[in-house]
Student: 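Mind having a look at this structure? Questions to follow.
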Amino acid sequence: MRVLLSCLVCRIVHFALQKLGRGATTLPGRIALKVKRNILADLSAKVKVIIVTGTNGKTTSCRILEEGLKQAGKTYFINKSGANLITGITSSFIMNSTITGKSKYEYAIVECDENAFREVSRYIRADVILVTNVFRDQLDRYGEVTHTLNAIKESVKNLPDAVVCLNADCSLTYSMSKEIPNKLVTFGVNAQFDRNAKAPEISDAKYCIFCKNEYDYTYHTYGHLGGFVCHKCGYKRPDPDFAVTSVEELKPSHSIVVADFNSSSNIVKVNIGGAYNVYNAIGCAAALSSAGIDESTIIKAIESFNGAFGRMEQFKSGIHKINVILVKNPAGFSQTMNFLKTVENDFTLILSLNDNAADGRDISWIWDVDFSGIFEKSNVKELYVTGKRCYDMAVRIKYEGVGNRQIKIIENEDYDKLVDIAISQERDVYIVPTYTSMMAMRPVIAKRLGGKDFWE
C-alpha cells in the first residue's frame, strides 16, 4: 500500500512541476521517500540495474550504455537529467514504473553521485557497477580523494552480488579489488596518448595507497592514470580484461583505437573526441559485456553514441559550431585543455567559473589546472571569461600568460550576451563552464540555437 501511495504522490508532484515548465527531477522523489524510505528496494527488485559512479565520466558513460542497450533492442530507462542523488534516482524509478511499483522496462541505467552512493546502495539492487575513476574533486563537498574512495568502497560492499567494473589504470579505484567481495572486471588503456606524457607535479595519488611508497610508472595517460607500480609492496596495475592496446588517432571529433575485449582484438572508432572519452568507451565495453550485451553491439554503440548535455555538446550557428564542455575539477579541466590543443581550426575560447554549492565554494582548484601550451596556440583567436567568479578566472589565466590577447570579461552571468558573442564569431566557439554555469547558460543557448531540455 505504501509503494502505491509513494508512486502516486510522486506522479502528482511530477505532473504539477512539468505543467509549470520545471524539470521535475528531484522534488517528486524527495516527497516519495517521505512516504516510504526504502522504496528503491521495491522498485529495483525485478529490473536489471547498471550503476555508474566515480569522479569523472559518469554522464557520458551512461550515454554509451544507453546506446548499447538501444542497439541490442533492450528496453531501458535512465536518469538522463543527471539528477544523481537518491531523490533524483527515486523519481526516475517511479516515473518508469507502474503505479504499483513494477518496472516497465528490462534495464535501468543509474548515474549515481559518489557520496550519494552510500545511501542509495542500502536500498537499491544492482547487477553491474561501473566505477570510472577517482580524482580529487570539490574539497568542500567531497574532502580528499580517500574520502571519495571509501564512500564508493563501502557502497559496493552493500551490493555483493553485482559485477564491478574497475579502472585498472587508476591506483585508487583498483585498490578496491583487495577488499570487495564482488566479481571483478577490469578495463584500461595500455598505451600513452602522448609519448611525452609525464606524471603531473600535483598528483591525486603519488604514493602507494597500501604502504605509502612513491609509485613508479611504466607510462602515463593523464593525471595519475597509467602503468603504476609500487616496488616496495608489489601493488601494481593489472592486465585489464578490456583494454585499449593502441591509439591510432586522437582527433577533436573522434578517436580510433585498437581494443581487446576479453582477448578479442577490434578496431573501434570512439564517436567523440578526448582522451577521457577513450576511457569512458572501454569502461562501458566492460559494463555492457557484464550486462550480457554482445561484442558487435558494443562496438556499434561506441561508434554511434552522442555526447550528453553539456559534455562535448555541439550547437550549430550558421556554418560554425558552438561547443560546450563541462569541467568540474582539475583533472577534467586539464584534459579539456589538452583536448583543445588538438583543435587545428581557429576558435574562440570562453571560460565560465561559478562557486555555487554544486560547483564547490572553494575555487582554489583552478590553480591546479594545467593550461600549459593552450595559449601558445595561434588559433585561439579570442578569449572571454564569465560566471560568478569571472575575475578569479581572469587572474588565473593572466598568471598563466595569454600572449598578446585581451582577456574579455562578461559580467553578471549575462548568458544572453554570451550567446550574442558566440553567434557573432566568424569561427567555432568552445565554452568551458563549471556545472551550475553550464546549467544556467545551456537553456539560453538551446532556446536560441535549438536543443532539447536537459531532462530529455
Side-chain angles (χ1 to χ4, degrees), residues 56-57 59-61 63-64 67-68 132-133 169 187-197 219-223 225-226 242-261 265-285 298-327 331-350 370-381 425 427-432:
N56 294 326
T59 305
T60 299
S61 293
R63 284 301 173 90
I64 302 175
E67 187 65 27
T132 59
N133 48 58
D169 298 358
F187 63 91
V189 177
N190 293 351
Q192 288 180 271
F193 299 109
D194 178 357
R195 292 181 181 179
N196 298 316
Y219 68 95
H220 272 92
T221 52
Y222 73 88
L225 305 187
F242 288 75
V244 170
T245 56
S246 68
V247 180
E248 303 299 311
E249 286 186 9
L250 199 62
K251 301 290 187 180
S253 60
H254 69 274
S255 300
I256 295 177
V257 302
V258 178
D260 283 356
F261 298 171
S265 187
N266 306 274
I267 298 175
V268 183
K269 178 182 177 182
V270 181
N271 201 40
I272 57 177
Y276 39 88
N277 285 314
V278 173
Y279 271 103
N280 291 334
I282 195 66
C284 287
I298 293 170
I299 294 172
K300 287 179 184 177
I302 293 171
E303 294 187 336
S304 60
F305 82 99
N306 293 314
F309 71 93
R311 284 83 168 172
M312 293 286 188
E313 188 175 16
Q314 291 186 340
F315 298 87
K316 288 186 178 179
S317 176
I319 63 172
H320 302 294
K321 294 175 182 175
I322 296 174
N323 306 269
V324 181
I325 310 176
L326 172 69
V327 295
F333 207 146
S334 297
Q335 281 306 297
T336 297
M337 293 301 101
N338 283 338
F339 163 77
L340 291 177
K341 284 188 280 188
T342 69
V343 176
E344 297 177 352
N345 296 329
D346 291 351
F347 67 92
T348 293
L349 178 59
I350 303 174
D370 183 5
F371 287 100
S372 61
I374 185 64
F375 300 122
E376 295 172 12
K377 289 180 62 65
S378 61
N379 62 326
V380 183
K381 294 300 184 183
Q425 301 297 298
R427 62 185 75 92
D428 287 351
V429 177
Y430 286 88
I431 305 174
V432 182

Student: If you look at every heavy atom in Phe261 and Ile299, which pair is closest and at what distance?
Tutor: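 It is CE1-CG1, 3.8 Å.
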Student: For residues Gly332 and Asn56, report the shortest heavy-atom separation together with the two atoms involved.
Tutor: N-ND2, 4.0 Å
Student: I'd like to know if the side chain of Thr60 reaches the main chain of Gly57, judged simply by a donor and an acceptor atom lying under 3.5 Å from each other, with no hydrogens or angles considered.
Tutor: no
Student: How would you list, by chain and number, every residue that makes a side chain to side chain contact (heavy atoms under 4.5 Å, CB included) with Ser304, sequence neighbours excluded?
Tutor: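 Per chain and number, Ser304 pairs via side chain to side chain contact (heavy atoms under 4.5 Å, CB included) with Glu67, Gln71.
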Student: Do other residues, nucleotides or ligands put more than 12 heavy atoms under 6.0 Å from the CD atom of Glu248?
Tutor: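 Yes.
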Student: With a 4.5 Å limit on heavy-atom distance, are the side chains of Leu225 and Tyr276 in contact?
Tutor: no
Student: Atom CG of Leu349 and atom CD1 of Ile431: how far apart are they, to the nearest 0.5 Å?
Tutor: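 Between Leu349 CG and Ile431 CD1, I get 10.0 Å after rounding to 0.5 Å.
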Student: Which heavy atom in Val189 sits nearest to a heavy atom in Asp169, and how many Å separate them?
Tutor: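 Closest pair (atom of Val189, atom of Asp169, distance): N-OD2, 2.8 Å.
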Student: Taking ring pair (Phe, Tyr, Trp, His ring centres under 6.0 Å) as the test, write out the residues that go with Phe347, two or more places apart.
Tutor: Tyr430
Student: To the nearest 0.5 Å, how far apart are CG in Leu326 and CZ in Phe333?
Tutor: 10.5 Å
Student: Ignoring hydrogens, what is the shortest heavy-atom contact between Glu303 and Val268? Give both atom names and the distance.
Tutor: OE2-CA, 3.7 Å
Student: Tell me, please, which residues at least two apart from Asn271 pass side chain to side chain donor-acceptor pair (under 3.5 Å).
Tutor: none
Student: Output all residues satisfying side chain to side chain donor-acceptor pair (under 3.5 Å) with Asp428, sequence neighbours left out; order by chain, then residue number.
Tutor: none
Student: Could you tell me whether the side chain of Asp370 and the main chain of Ser334 form a donor-acceptor pair under 3.5 Å?
Tutor: no
Student: Find the distance between NE2 (His254) and NZ (Lys269) and round it off to the nearest 0.5 Å.
Tutor: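 Rounded to the nearest 0.5 Å, the NE2-NZ separation comes to 5.5 Å.
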Student: What's the spacing between Ile256 CD1 and Ile267 CD1 if we round to 0.5 Å?
Tutor: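 Those atoms lie 8.5 Å apart.
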Student: Near Lys341 NZ, under 6.0 Å, is it more than 12 heavy atoms from other residues, nucleotides or ligands?
Tutor: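 It does: Lys341 NZ has more than 12 such atoms within range.
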Student: Thr348: what forms a side chain to side chain donor-acceptor pair (under 3.5 Å) with it, not counting sequence neighbours?
Tutor: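 Expected list: Gln425, Arg427.
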Student: In Å, rounded to the nearest 0.5 Å, how long is the span from CD1 of Ile350 to CD1 of Ile325?
Tutor: 12.0 Å
Student: Look up atom CG in Asn280 and atom CZ in Phe187, then write down how far apart they are to the nearest 0.5 Å.
Tutor: 8.5 Å
Student: Specify the closest pair of heavy atoms between Val432 and Met337, including all atoms of both residues, with the distance to one decimal.
Tutor: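 Smallest heavy-atom distance, with atoms named: CG2-CE, 4.3 Å.
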Student: For Leu250 and Gly274, which heavy atoms make the closest approach, and how far apart are they?
Tutor: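 Closest approach of Leu250 to Gly274: CD1-C, 4.4 Å.
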Student: Are any side-chain N or O atoms of Asp346 and backbone N or O atoms of Lys381, one a donor and one an acceptor, separated by less than 3.5 Å?
Tutor: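 No, because the side chain of Asp346 does not come within donor-acceptor range (under 3.5 Å) of the backbone of Lys381.
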Student: Do Ile282 and Val257 pass the side-chain contact (heavy atoms from CB on, under 4.5 Å) test, and can you show the C-alpha distance, the side-chain angles, and the key distance before you say yes or no?
Tutor: CA-CA 10 Å; Ile282 195 66; Val257 302; over 6 Å; no
Student: Could you check if a side-chain atom of Val429 sits within less than 4.5 angstrom of a side-chain atom of His320, using non-hydrogen atoms only?
Tutor: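 When only atoms from C-beta onward are counted, His320 and Val429 do not touch, as no gap falls below 4.5 Å.
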Student: Can you name the ring pair (Phe, Tyr, Trp, His ring centres under 6.0 Å) partners of Tyr279, sequence neighbours left out?
Tutor: Tyr222
